[in-house]
2 protein chains.
Amino acid sequence: MAQKRTAGATPPPQAEAYLQIGEVAERTGVTQRTLRFYEEKGLLKPPSRLEGGFRLYSEDDVKRVEQIKRLQTLLGFTLADIKEMVEAEALKMQLHAEYRKDAEISERRAKIAKAIEVTERQVAVVDQKLASLGDMKASLEQKLSTYRGWVAQLDEKAAAGSQ
Amino acid sequence: MAQKRTAGATPPPQAEAYLQIGEVAERTGVTQRTLRFYEEKGLLKPPSRLEGGFRLYSEDDVKRVEQIKRLQTLLGFTLADIKEMVEAEALKMQLHAEYRKDAEISERRAKIAKAIEVTERQVAVVDQKLASLGDMKASLEQKLSTYRGWVAQLDEKAAAGSQ
DNA sequence: AATAACCTTGACGTACGCGTTAGATTCTGG
DNA sequence: CCAGAATCTAACGCGTACGTCAAGGTTATT
């Protein structure tokens, strides 16, 4: 066979735009181990595979990895937290898929209500962090202005001494 | 001896306002183990002791523990990061103590410059986190409004169906 | 002086988030 | 068709941030 073929079990959407794990690792700055680890932990959906078993990632997968990294390193969420958020996202997709089908309306209501609840909790957490960070920034700038005041005083003394 | 006496090696400032580790733990919500751990790691200065070896903490120590916890749990800094910040704070105190003494002016300048540099880096980090959190909040609220739109649509259908 | 309540220093255990081989398999270029 | 690069699974290792005994010593109370 001259062409790469994809596994029958989990074919990629249908386009040519796939990425192997090495490329994803390079583009996202995480290691291959980390990508497999996220998959194990349910943070990334099991990607499609080549016949031989090589993972094939989509651009969406890349975006999700970047999202995970931001949540983790910049905002200090645990992977468990992030998994919850990812699952909420999956739920949203599920809702979207059901949107045009004739599912039970009350059931749809319940799911949406749940999604709203989860999201509102997330907003509350983010608000708390924003407030804390704001306080912190204020106190840091307070410190900076104190330091700069000291430098100014030293400058004055130096000027007075040299006259 | 009818009165508790403090150890000669490291007497507390001089007042009666001291706290044993259990009280500090209770007031800050961390465990005693955590307080000793922070001390081991240099995040808390070794507190004074009673003759028998019991740790005696000050109100300032309590505040520092609370600060550490905020930095850690809300903002996601590692203890190593926090140690750096605490040391910067110690440097500030050192500067303040030297402030009225006749230390070398150029040396003082250098120390202040260093403190400013460290603090500015911290501000930059905080700004990045603020920006990320802002983005995140916006996208969460975007999601919320999408969900609420869905609910509204369901409401419409229900109203139409019941007429 | 006995006893409870609190504290001490080890020292080993644990959960999280990956790092690091190891050995086999698969893919790509010549 | 085969060398060499990329990937696979499995499994043990490691740094961080503590938890959890264990075996005592100290302080307060009676």
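The model shown is predicted, which means the values in this text are computed figures rather than measured ones. Sequence lines set the chain letters: A, B, ... in the order given, protein chains first and strands last, and positions in each chain run from 1.
Residue Q20(B) places at least one side-chain N or O under 4.0 Å from the OP1 or OP2 atom of dC7(C). Between K41(A) and the phosphate of dA15(C), there is no side-chain N or O to OP1/OP2 separation shorter than 4.0 Å. Applying the 4.0 Å criterion to OP1 and OP2 of dG19(C), one finds that Q32(A) has every side-chain N and O outside that range. At the phosphate of dC18(C), OP1 or OP2 sits under 4.0 Å from a side-chain N or O atom of Y38(A). Taking 4.0 angstrom as the limit, R55(B) places none of its side-chain polar atoms (N or O) nearer than this to OP1 or OP2 of dC7(C).
Residues from residues 74-90 of chain A with heavy atoms under 4.0 angstrom of DNA chain D: there are none.
Pairs passing the ring-ring contact (aromatic ring centres under 6.0 Å, His included) check and including a residue from residues 41-76 of chain B, sequence neighbours excluded, do not occur.
When R64(A), R49(A), R33(A) are each tested for a salt bridge (charged side-chain N to carboxylate O under 4.0 Å, His left out) with E39(A), only one passes: R49(A).
Recorded end-axis angle for the helix from dA1(C)-dT30(D) to dG30(C)-dC1(D) stands at 10°, based on five pairs per end and rounded to 10 degrees.
Proximity note for T34(A) (side chain, C-beta onward) versus dC8(D), dC18(D), dC18(C): the nearest is dC18(C). Side-chain proximity of T31(B) to the nucleotides dT9(C), dG19(D), dT7(D) is greatest for dG19(D).
Listed for the T119(B) side chain is a donor-acceptor partner under 3.5 Å among the backbone atoms of A115(B). The closest donor-acceptor contact from the side chain of K83(A) to the backbone of L43(A) lies at 3.5 Å or more, if one exists at all.
Regarding E51(B), its CD atom lies at a distance of 11 Å from the P atom of dA28(D), rounded to whole Å. Rounded to an integer number of Å, the gap from CG of L44(A) to P of dG17(C) is 14 Å. Computed from coordinates, the F37(A) CZ to dT20(C) C1' distance equals 15 Å when rounded to whole Å.
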message: Using a 4.0 Å heavy-atom cut-off to protein, can you give one letter per nucleotide of nucleotides 10-15 of chain D, 5' to 3': B if the base is in contact, S if only the sugar-phosphate is, - if neither?
response: -B----

- request: Apply side-chain contact (heavy atoms from CB on, under 4.5 Å) to the pair R109(B) and D155(A), showing each step before the final yes or no.
  value: CA-CA 10 Å; R109(B) 260 186 212 289; D155(A) 285 347; 2.8 Å; yes

Provide a list of protein-nucleic acid N or O atom pairs under 3.5 angstrom, restricted to nucleotides 23-25 of chain C.
none

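Remark: E66(B) engages no residue in a salt bridge (charged side-chain N to carboxylate O under 4.0 Å, His left out) (not counting sequence neighbours).
Remark: R70(B) does not engage D135(A) in a salt bridge, criterion side-chain N to carboxylate O under 4.0 Å.
In this structure, K63(B) places its NZ atom where only 12 or fewer heavy-atom neighbours from other residues, nucleotides or ligands lie under 6.0 Å away.
Mapping G53(B) and E23(A) onto DNA chain D by nearest heavy atom places E23(A) at the nucleotide closer to the 5' end.
A donor-acceptor pair shorter than 3.5 Å can be found between the side chains of Y38(A) and K69(A).
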